[in-house]
Protein chains: 2
Amino acid sequence: MVFDATDKKLLEYLQQDSKQTNKELSNKLNLSVTAVYERIKKLEKAGFIKGYVALVNKQKIEKNFIVFCHIKLVQHIQEYVVSFEREVTKLNEVLECYHLSGDYDYLLKVIVSDMSAFREFMVKKLTAIRHIGSTHSMFVINEVKHTTAINF
Amino acid sequence: MVFDATDKKLLEYLQQDSKQTNKELSNKLNLSVTAVYERIKKLEKAGFIKGYVALVNKQKIEKNFIVFCHIKLVQHIQEYVVSFEREVTKLNEVLECYHLSGDYDYLLKVIVSDMSAFREFMVKKLTAIRHIGSTHSMFVINEVKHTTAINF
DNA sequence: AACCATAATTGAAAATTTTTCTAAATATAC
DNA sequence: GTATATTTAGAAAAATTTTCAATTATGGTT
């Protein structure tokens with residue numbers, strides 16, 4: 001499959017606003033509506049586009065308390081890794097989880113309503129997962145930048 | 001503005017897939033197409049929905065090298081903070097930037113193609129920003145979980 | 001340079017979806 | 001219980017997506 005500069009621009013536009021009509025996109029890309037349509041279908045089929053989502057305003061739904069949690073497993077063995085990753089993925093307060101190099105094994109991005117909700121999450125859900133050795137929480141004072149659009 | 005359980009469900013569905021038709025949503029919510037339409041417009045106007053975007057597959061576009069960078073400013077004074085935040089926001093490798101509590105001042109989520117691109121970013125762009133005291137990079141070995149959908 | 005095969009693009013028509021509109025139903029306040 | 005506002009529904013209109021056949025461009029071969 002060929003992936004040219006027009007596809008690149010198209011992906012950039014769709015990452016900014018996926019509700020644009022093909023007509024609007026066709027103007028920006030100097031193409032016909034059908035050409036835009038075919039390119040989008042091609043990008044979807046080829047797996048360049050994972051999906052289309054609505055982004056909600058965290059403030060509006062009282063989920064504006066962000067915490068990054070470092071987690072170290074008691075022992076970094078296959079069994080514990082698989083088990084921990086399966087369990088942590090289930091927690092809907094955890095939007096992101098990364099296996100990291102460095103002092104700690106994992107970094108979690110947790111979103112809750114406030115500190116008391118975080119305490120609940122920590123005590124009842126996170127530390128309920130087995131094989132966790134230690135945790136270290138960093139509280140977000142301000143979200144300076146947040147985008148889902150990846151530049152090429 | 002009233003925000004009921006149906007609105008909540010609607011936002012959940014739209015966070016999973018914003019390309020669903022109002023007809024599909026009306027079936028899931030046991031409403032008419034118009035009722036769904038009006039609710040979506042209401043949620044958009046009230047600011048619950050920030051926007052609609054396409055999510056691209058990082059692997060496909062060779063931007064699959066994720067690094068979290070801790071940054072400490074030389075001095076945490078108003079002038080340095082404003083200047084740093086303005087400059088770091090401009091960098092398109094930085095998808096997210098958080099002002100944190102704790103040992104370090106900021107946490108950056110950086111996405112590049114590989115280690116050599118990260119070196120370029122570090123030397124030419126990030127450390128070119130003034131007022132940075134020290135940095136500490138953590139490399140992502142594996143993205144265990146990543147979602148944009150916030151649960152209620 | 002002419003030719004062929006393949007892929008991309010176009011414009012028009014068809015199908016679907018969104019949006020508007022009016023009226024009925026439901027809820028809310030007095 | 002009545003009045004007022006809000007929500008919902010169904011039908012019609014407007015806009016958009018999707019399909020299709022024809023045209024144009026592209027790359028490789030002779």
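Just so you know, these numbers come straight off a predicted model, no measurement behind them. Chain letters run A, B, ... following the sequence lines, proteins first and then strands; every chain starts at 1.
With sequence neighbours excluded, no residue forms a salt bridge (Lys or Arg N to Asp or Glu O under 4.0 Å) with E85(A). With sequence neighbours left out, the salt bridge (Lys or Arg N to Asp or Glu O under 4.0 Å) criterion links K50(B) to no other residue. In terms of the side chain to side chain contact (heavy atoms under 4.5 Å, CB included) criterion, residue partners of Q59(B) (sequence neighbours excluded) are, by chain and number, N57(B), N64(B).
Relative orientation of the H131(B) and Y80(B) rings is parallel, given thresholds of 30° and 60° on the angle between their planes. A parallel orientation is assigned to the rings of H76(B) and H99(B), their planes being inclined by less than 30° (bins at 30° and 60°).
With axes fitted over five pairs at each extremity, the angle between the ends of the helix from dA1(C)-dT30(D) to dC30(C)-dG1(D) is 40° (10° resolution).
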Each nucleotide N or O in nucleotides 20-26 of chain D that has a protein N or O under 3.5 Å away: list the pair and distance.
none

Listing time: all N or O pairs from protein to nucleotides 5-7 of chain C that are below 3.5 Å?
none

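In this structure, the side chains of R39(A) and D4(A) come closer than 4.5 Å at one or more pairs of heavy atoms. Using a 4.5 Å heavy-atom threshold, the side chains of K60(B) and L43(A) count as separate. Side-chain contact between K109(A) and K109(B) is absent, with no heavy-atom pair separated by less than 4.5 Å.
Summarising the geometry of A149(A) relative to Q16(A), their closest heavy-atom pair is CB-NE2, 3.7 Å, with the distance given to 0.1 Å. Nearest heavy-atom pair across L29(A) and L10(A) is CD1-CD1, 3.8 Å.
Judged by distance alone, with hydrogens and angles left aside, the side-chain atoms of Q15(A) form no donor-acceptor pair with the main-chain N or O of V56(B) at under 3.5 Å. A donor-acceptor pair under 3.5 Å links the side-chain atoms of E24(B) to the main chain of T21(B), judged by distance alone. Checked by atom type and distance alone, the side chain of D105(B) pairs as donor or acceptor with a backbone atom of L73(B) at under 3.5 Å.
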Let me have the donor-acceptor pairs involving side chains of residues 119-129 of chain A, under 3.5 Å, with sequence neighbours excluded, atom names and distances please.
from    : atom 1 : to      : atom 2 : distance (Å)
E120(A) : OE1    : K124(A) : NZ     : 3.0
E120(A) : OE2    : K124(A) : NZ     : 3.4
K125(A) : NZ     : E93(A)  : OE1    : 3.3
K125(A) : NZ     : E93(A)  : OE2    : 2.9
T127(A) : OG1    : M122(A) : O      : 2.7
T127(A) : OG1    : V123(A) : O      : 3.3

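DNA chain D is contacted by both V33(A) and V36(B); V36(B) maps to the nucleotide lying nearer its 5′ end (nearest heavy atom per residue).
Listed by first then second residue, pairs satisfying ring-ring contact (aromatic ring centres under 6.0 Å, His included) with a partner in residues 18-56 of chain B read F3(B)-F48(B), not counting sequence neighbours. Applying the side-chain hydrogen bond (donor to acceptor under 3.5 Å, both in side chains) test to pairs two or more places apart or on separate chains, those with a residue in residues 134-150 of chain B are K58(B)-E143(B).
Looking at K90(A) and E87(A), a side-chain N of the basic residue comes within less than 4.0 Å of a carboxylate O on the acidic one, giving a salt bridge.
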Going through the checks in order, is the salt bridge (charged side-chain N to carboxylate O under 4.0 Å, His left out) test met by E44(B) and K41(B)?
CA-CA 5 Å; E44(B) 288 171 353; K41(B) 289 299 150 196; 3.2 Å; yes
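Within the 4.0 angstrom heavy-atom criterion, only backbone atoms of the sugar-phosphate kind lie near A35(B); the bases stay farther away.
Atom pair Y37(B):OH and dA11(D):C1' shows a separation of 16 Å (rounding to whole Å applied).
Of the residues in residues 22-32 of chain A, those placing a heavy atom less than 4.0 Å from an atom of DNA chain C are L31(A), S32(A), in numerical order. Annotation: proximity of residues 39-57 of chain B to DNA chain C (heavy atom, distance under 4.0 Å) is found for K41(B), numbered in ascending order.
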How does each nucleotide of nucleotides 22-30 of chain C score, in 5' to 3' order, for protein heavy atoms under 4.0 Å: base (B), sugar-phosphate only (S), or none (-)?
---------
